[in-house]
Peer 1: 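Structure below; questions to follow.
When a residue number appears, it is its place in the shown sequence, counting from 1. What you see is a predicted model, and the numbers here were worked out from it, not measured in a lab.
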Amino acid sequence: MKKVVRWVAVILVVCIITVALNLLIEGVPLLGTPKVENIDRVVVTHTDYPNDVKEITDEYYIELAEALLGYLHYAPLKGLTDDTPTIQITYVMDDGTEVIVKANDKVVWWNDSPRALQDEGKFVKMCTAVFYLQD
């Protein structure tokens, strides 16, 4: 019985270490992001395109906007810089509530709380390409 308990304990410790290392290396994904089936429309603003506010109702681009959130991983141990957002995506839900995500190259604001991005610059570049450079 002692061998089984020891074996289970070793496996549990290895799993915990593996998950912790993965979160430190890959970053922590945002939790509580909106589901595509609950999104009515998406409004995108970008500081580099101040006169071009995108209001998206097309299902394809709503799915893209929701999928982009999957690339937002934050680094829990990385320091924050005091910057202003470059891009803001407002997800207007079916019930009228809004979920707002703001980001620049180094920081994401989720639920009005800043978090340092794991992959700096990636999210803003992808959003810019999807919403502003396809025309």
Side-chain angles (χ1 to χ4, degrees):
M1 185 67 175
K2 286 184 178 182
K3 287 184 179 184
V4 172
V5 170
R6 185 178 301 160
W7 185 76
V8 169
V10 168
I11 289 177
L12 186 61
V13 168
V14 169
C15 289
I16 290 171
I17 291 171
T18 303
V19 169
L21 287 175
N22 185 50
L23 291 176
L24 288 174
I25 293 169
E26 298 294 324
V28 179
L30 295 180
L31 299 176
T33 58
K35 302 293 181 212
V36 71
E37 59 269 6
N38 299 331
I39 301 172
D40 182 50
R41 68 183 191 281
V42 176
V43 180
V44 182
T45 58
H46 198 300
T47 57
D48 293 344
Y49 304 92
N51 298 324
D52 192 7
V53 176
K54 303 281 186 179
E55 185 160 341
I56 299 160
T57 56
D58 181 76
E59 187 176 330
Y60 174 75
Y61 284 101
I62 289 175
E63 288 177 8
L64 276 177
E66 187 268 338
L68 285 169
L69 292 174
Y71 292 95
L72 282 174
H73 292 249
Y74 66 93
L77 302 179
K78 195 183 278 188
L80 289 173
T81 57
D82 189 25
D83 291 328
T84 58
T86 303
I87 194 157
Q88 175 176 315
I89 303 176
T90 303
Y91 298 87
V92 181
M93 309 308 285
D94 291 333
D95 63 2
T97 59
E98 294 182 348
V99 177
I100 299 173
V101 177
K102 300 175 189 176
N104 61 28
D105 287 336
K106 296 182 179 185
V107 180
V108 60
W109 287 264
W110 177 246
N111 296 328
D112 290 327
S113 175
R115 296 176 172 118
L117 284 171
Q118 181 72 21
D119 294 322
E120 295 181 359
K122 184 180 188 179
F123 180 73
V124 172
K125 287 177 187 174
M126 289 175 32
C127 289
T128 303
V130 167
F131 298 118
Y132 289 95
L133 300 180
Q134 84 275 6
D135 295 333

Peer 1: Closest heavy-atom contact between Gln118 and Ala75?
Peer 2: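 Heavy-atom minimum between the residues: OE1-CB, 3.0 Å.
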Peer 1: Going by side chain to side chain contact (heavy atoms under 4.5 Å, CB included), Tyr91 matches just one of Thr97, Ile100, Ile62, Leu69. Which one?
Peer 2: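 Of all the options given, the one that passes is Leu69.
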Peer 1: Within this structure, what is the OG1-CD1 distance for the pair Thr18 and Ile11, rounded to the nearest 0.5 Å?
Peer 2: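 Those atoms lie 11.5 Å apart.
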Peer 1: Answer with yes or no whether the hydrophobic clustering places Ile56 together with Tyr60; edges join I, L, V, M, F, W, Y residues whose side-chain heavy atoms lie under 4.5 Å apart.
Peer 2: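 Yes, same cluster.
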Peer 1: Could you go through the side chain to side chain contact (heavy atoms under 4.5 Å, CB included) check for Glu98 and Val92 one step at a time?
Peer 2: CA-CA 5 Å; Glu98 294 182 348; Val92 181; 4.3 Å; yes
Peer 1: Does the separation of the ring centres of His46 and Tyr132 fall below 6.0 angstrom?
Peer 2: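 Yes, close enough.
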Peer 1: Over all heavy atoms of both residues, which pair between Ala65 and Phe131 is shortest? Give the atoms and the distance, please.
Peer 2: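 Looks like CB-CZ, 3.7 Å.
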Peer 1: Cys127 and Leu68: which non-hydrogen atoms are nearest, and at how many Å?
Peer 2: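 Minimum heavy-atom separation between Cys127 and Leu68: SG-CD1, 3.6 Å.
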Peer 1: Flag the pair Tyr71 / Leu30 as yes when at least one side-chain heavy-atom distance between them is below 4.5 Å, and no otherwise.
Peer 2: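 When only atoms from C-beta onward are counted, Leu30 and Tyr71 do not touch, as no gap falls below 4.5 Å.
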Peer 1: Say whether, by atom type as modelled, one donor and one acceptor occur between the side chain of Asn104 and the main chain of Thr84 under 3.5 angstrom.
Peer 2: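 Yes; judged by distance alone, with no hydrogens or angles, the pair exists.
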Peer 1: Does a side-chain heavy-atom distance below 4.5 Å link Leu72 with Val101?
Peer 2: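 Yes. Closest side-chain heavy atoms under 4.5 Å.
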Peer 1: Taking everything shown except Asp95 itself, do over 12 heavy atoms lie less than 6.0 Å from its CG?
Peer 2: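 Above 12, so yes.
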Peer 1: Is there side-chain contact between Trp110 and Val99, with at least one heavy-atom pair below 4.5 Å?
Peer 2: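 Of all side-chain heavy-atom pairs linking Val99 with Trp110, at least one is under 4.5 Å.
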Peer 1: Grab the two heavy atoms, one from Pro34 and one from Met93, that are nearest each other, plus how far apart they are.
Peer 2: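 Between these two residues, the closest heavy atoms are CB-CE, 3.5 Å.
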Peer 1: CZ/Arg41 to CG/Asp94 distance, rounded to the nearest 0.5 angstrom?
Peer 2: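 Arg41 CZ to Asp94 CG: 10.5 Å, rounded to 0.5 Å.
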Peer 1: Once you round to the nearest 0.5 Å, how far does OG1 of Thr128 lie from CZ of Phe123?
Peer 2: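 Thr128 atom OG1 to Phe123 atom CZ measures 9.5 Å (nearest 0.5 Å).
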Peer 1: Please determine whether residues Met126 and Leu133 belong to a single hydrophobic cluster, defined as Ile, Leu, Val, Met, Phe, Trp and Tyr linked transitively by side-chain heavy-atom distances below 4.5 Å.
Peer 2: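 Linked, Met126 and Leu133 end up in one cluster.
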Peer 1: When you compare the side chain of Val5 with that of Val8, does any pair of heavy atoms fall below 4.5 Å?
Peer 2: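 Not touching, per the 4.5 Å side-chain cut-off.
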Peer 1: Please confirm whether the backbone N or O of Ser113 pairs with a side-chain atom of Asn111, one donor and one acceptor, at under 3.5 Å?
Peer 2: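 Here the side-chain-to-backbone pair does not exist.
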Peer 1: Quick one: pull up CD1 in Ile87 and NZ in Lys102 and give me the separation to the nearest 0.5 Å.
Peer 2: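 These two atoms lie 13.0 Å from each other.
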Peer 1: With Val53 as reference, evaluate Val44, Thr90, Val43 under the side chain to side chain contact (heavy atoms under 4.5 Å, CB included) test and give the passing residue.
Peer 2: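 Looking at Val44, Thr90, Val43, the match for Val53 under the side chain to side chain contact (heavy atoms under 4.5 Å, CB included) is Val43.
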Peer 1: Does atom CD of Glu37 have more than 12 heavy-atom neighbours from other groups under 6.0 Å away?
Peer 2: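 Result for CD/Glu37: enclosed.
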Peer 1: Identify whether Leu21 and Val14 are in the same connected component of the hydrophobic contact network (ILVMFWY, side-chain heavy atoms under 4.5 Å).
Peer 2: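 Unlinked, Leu21 and Val14 end up in two clusters.
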Peer 1: On a heavy-atom basis, which atom in Glu63 and which in Val36 lie closest, and how many Å separate them?
Peer 2: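 What the structure gives for the nearest pair is CG-CG2, 3.6 Å.
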